[in-house]
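For reference, the structure discussed in these notes is given below.
For this chain, numbers begin at 1 and follow the sequence in order. Numbering of ligands and ligand atoms starts at 1, following listing order.
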Amino acid sequence: MDIERDFVQLARLATTGTVEDVRLLMHRVLPLLGERRPDLAPEITAVLAGTSSGRPTKSKEVKELRPLPVDLDSRLELLYREEHPELPVEPTWPSLILTELNQFISERTQEDRLIARGIMPTRSLLLVGPPGVGKSLAARYLAVQLSRPLLTLDLAAVMSSFLGRTGNNIRAVLDYARNTSGILLLDEFDAIAKRRDDATDVGELKRLVTVLLQAIDDWPRTGILLAATNHPDLLDPAVWRRFDRVIHFPFPSADEIGRAMTVMLKEDTQTISRVTLDTLAILFEGRSFADVRKTILRAQRESLINHLPIEQVLKGMIPKLLEGQPRKRKIEIAVSLHSKGWTERTVNELTGVARDTFRKRSLRKTTPRRGTHAAKA
Ligand SMILES: Nc1ncnc2c1ncn2[C@@H]1O[C@H](COP(=O)(O)OP(=O)(O)OP(=O)(O)O)[C@@H](O)[C@H]1O
Ligand SMILES: [Mg+2]
C-alpha cells in the first residue's frame with residue numbers, strides 16, 4: 001500500500017473525477033488502511049457504510065456548488081437548476097399515473113431498504129405522451145415529493161448547428177448531473193435521441209446516441225434521470241429498453257377532466273351547475289389538461305373583467321366547443337349526457353341532437369344483446 005500515492009490520486013479525483021470514482025478508490029484503500037491502523041478501523045467502517053448507503057456525501061455537496069456547464073461558444077448555461085422546485089398548479093393525476101408515480105416515490109424514499117437487499121431502485125423513467133398531458137408537471141411533482149433539485153436540459157442552448165459541439169454539450173450535462181442529487185429532466189428527448197438508422201443521421205449522431213445509452217445504463221443508483229417525449233416513434237428502440245420504466249400519459253378521460261376542472265375552478269365550482277361541468281368535461285374528451293386549463297383561465301378572466309357569473313361564461317362556451325364537431329361526435333356527446341341522467345330536453349337544447357336519435361342509442365347501449373347471460377336470465 002502506497003498511502004502517499006493514493007492520497008495524490010484521491011486529490012486528483014476529488015477535483016476532476018466523479019463522486020463514484022472517489023467512492024471506488026475509498027473502498028479499495030480504506031480497508032487496507034484499517035488493517036495497518038486498527039485504531040482507525042471503527043471510523044473506517046463507518047465511512048464505508050456511509051458511502052454505500054446511497055446518501056449524498058460531503059464531496060457530493062461540494063460538487064453541487066460547481067458552476068453549471070455552459071456552451072463553449074455562446075456561454076449559455078446548458079441546464080436550468082431549481083434548488084426548490086414548485087408546482088405551477090395542483091395536479092390531478094389519472095389513477096394509473098398516480099400509482100406509477102407513487103411507486104417510484106416509495107422506491108426512492110426507501111432506497112436504503114432495497115439497496116441493503118441488493119435490489120437497485122428505479123433510476124430512470126421515460127415519460128411518453130402527447131403535448132400538455134402532464135409529463136413535465138410529473139417531473140416537477142417527483143422533484144417536489146422527493147425534495148430534490150430539478151435540473152432541466154435547455155435544449156436551445158445544447159443544440160448547436162455543429163453536431164460535434166452538441167455532443168460535447170450533452171456529455172457536459174450528463175457529467176454534471178451524474179454528480180449531483182438533482183433530478184435530471186431531458187425534456188423533448190426525441191430531439192437528442194433520434195433513431196440511429198435515420199438516413200440523415202451519421203457518425204457523430206450515432207456516437208451521441210451511444211453516449212446517451214451508456215449514460216442511462218451507468219446512471220448512479222443515487223441519481224434520477226427522467227426523459228420526456230411526445231414523439232416516441234422517433235426514439236431508437238435501444239433507448240426505450242434502457243429506461244428502467246416507461247410511463248404512458250394518455251389524453252385524460254371525461255371523468256378525469258371533470259375532476260381536474262373542479263380543482264382548477266376552486267371555490268368557483270360551487271357556483272357552476274352540474275350540467276355545465278359534465279358537458280364541458282365530455283366536450284374536452286380527447287384534449288389535454290393544458291387545453292382545459294387555458295379555457296378555464298380564459299373564462300375566469302372574462303367573468304372578472306365583464307362582471308359576469310362564471311357559470312354564464314362557461315355555459316356560453318358550449319355552443320362554440322360543439323361547433324364544427326362531426327354529427328357522429330355530437331350524437332356521442334348527447335348519449336353521454338343522457339346516460340348521466342340529464343333530461344332529454346336539456347340534452348337536446350345543448351347539443352341540438354333530436355331526442356329520438358340519442359334516446360334510441362342510449363337504449364341500445366343499456367339493452368343487453370340477445371343470447372347474453374343477462375338476456376337468458
Ligand atoms: N395532471 C394534471 N393536472 C392538472 N393540470 C395539468 C395536468 N397535466 C398538465 N396540466 C396542465 O397543463 C400544463 C402543461 O402540462 P405539461 O407541461 O406537464 O405538459 P407536457 O406533457 O410536458 O407537454 P409537452 O409535451 O408539450 O411538453 C400544466 O402547466 C398544467 O397547467
Ligand atoms: Mg413538457
query = What is the closest protein heavy atom to atom 27 (O) of ligand 1, and at what distance does it sit?
reply = Ser136 OG, 4.0 Å

note = Closest to atom 25 (O) of ligand 1 among protein heavy atoms sits Asn230 ND2, 2.6 Å

ask   = Would you say Leu174 and Trp219 make side-chain contact, with heavy atoms under 4.5 Å?
value = yes

request  = I would like to know whether Arg81 and Tyr176 meet side chain to side chain donor-acceptor pair (under 3.5 Å); could you show each step before the answer?
outcome  = CA-CA 11 Å; Arg81 183 180 172 113; Tyr176 176 90; 3.0 Å; yes

key: Heavy atom of the protein closest to atom 10 (N) of ligand 1 (residue, atom name, distance)   = Phe289 CB, 3.4 Å

ask   = Could Arg140 and Glu86 be called an ion pair, given the rule that one side-chain N must be under 4.0 Å from one carboxylate O?
value = no

ask   = Parallel, tilted or perpendicular: which fits the ring planes of Trp240 and His248, with parallel below 30° and perpendicular above 60°?
value = parallel

Residue portion contacting ligand 1 (non-hydrogen atoms closer than 4.0 Å) for Arg293 = side chain

query = Under a heavy-atom criterion of less than 4.0 Å, does Gly132 contact ligand 1?
reply = yes

Less than 3.5 Å apart, which donor and acceptor atoms pair up between the side chains of residues 313-327 and the rest of the protein, not counting sequence neighbours?
residue : atom : partner : partner atom : Å
Gln325  : NE2  : Leu321  : O            : 3.1

ask   = Can an N or O of Trp93 be found at a distance shorter than 3.5 Å from an N or O of ligand 1?
value = no

request  = Please collect all side-chain hydrogen bond (donor to acceptor under 3.5 Å, both in side chains) contacts where either partner lies in residues 145-159, sequence neighbours excluded, each pair once.
outcome  = Tyr80-Asp154

note = One finds that the ligand 1 atoms under 4.0 Å from a non-hydrogen atom of Pro131 are 23 (O), 24 (P), 25 (O), 26 (O)

query = Distance from Thr351 atom OG1 to Arg329 atom CZ, nearest 0.5 Å?
reply = 11.5 Å

query = Is the gap between the ring centers of Phe284 and Phe289 under 6.0 Å?
reply = no

key: Contact flag Ser136/the Mg ion (ligand 2), N/O/S atoms, threshold under 2.8 Å   = yes

request  = Report the nearest protein non-hydrogen atom to atom 14 (C) of ligand 1: residue, atom name, distance rounded to 0.1 Å.
outcome  = Ala290 CB, 3.9 Å

ask   = Just distances here: any N/O of Pro88 and N/O of ligand 1 closer than 3.5 Å?
value = no

remark   = Note: ligand 1 atoms sitting under 4.0 Å from heavy atoms of Val89 are 5 (N), 30 (C), 31 (O)

request  = To the nearest 0.5 Å, tell me how far Leu265 CG sits from Met261 CE.
outcome  = 7.0 Å

task = Look up atom 7 (C) of ligand 1 and tell me if a protein heavy atom lies less than 4.0 Å from it?
result = yes

message = Give the atom numbers and elements of ligand 1 that come within less than 4.0 Å of a heavy atom of Pro91.
response = 3 (N), 4 (C)

message = I need the contact type for Leu137 against ligand 1. Using non-hydrogen atoms and a strict under-4.0 Å cut-off, is it side chain, backbone, both or neither?
response = both

query = Which is closest to atom 3 (N) of ligand 1 in terms of heavy atoms, Val263, Asp187, Thr92?
reply = Thr92

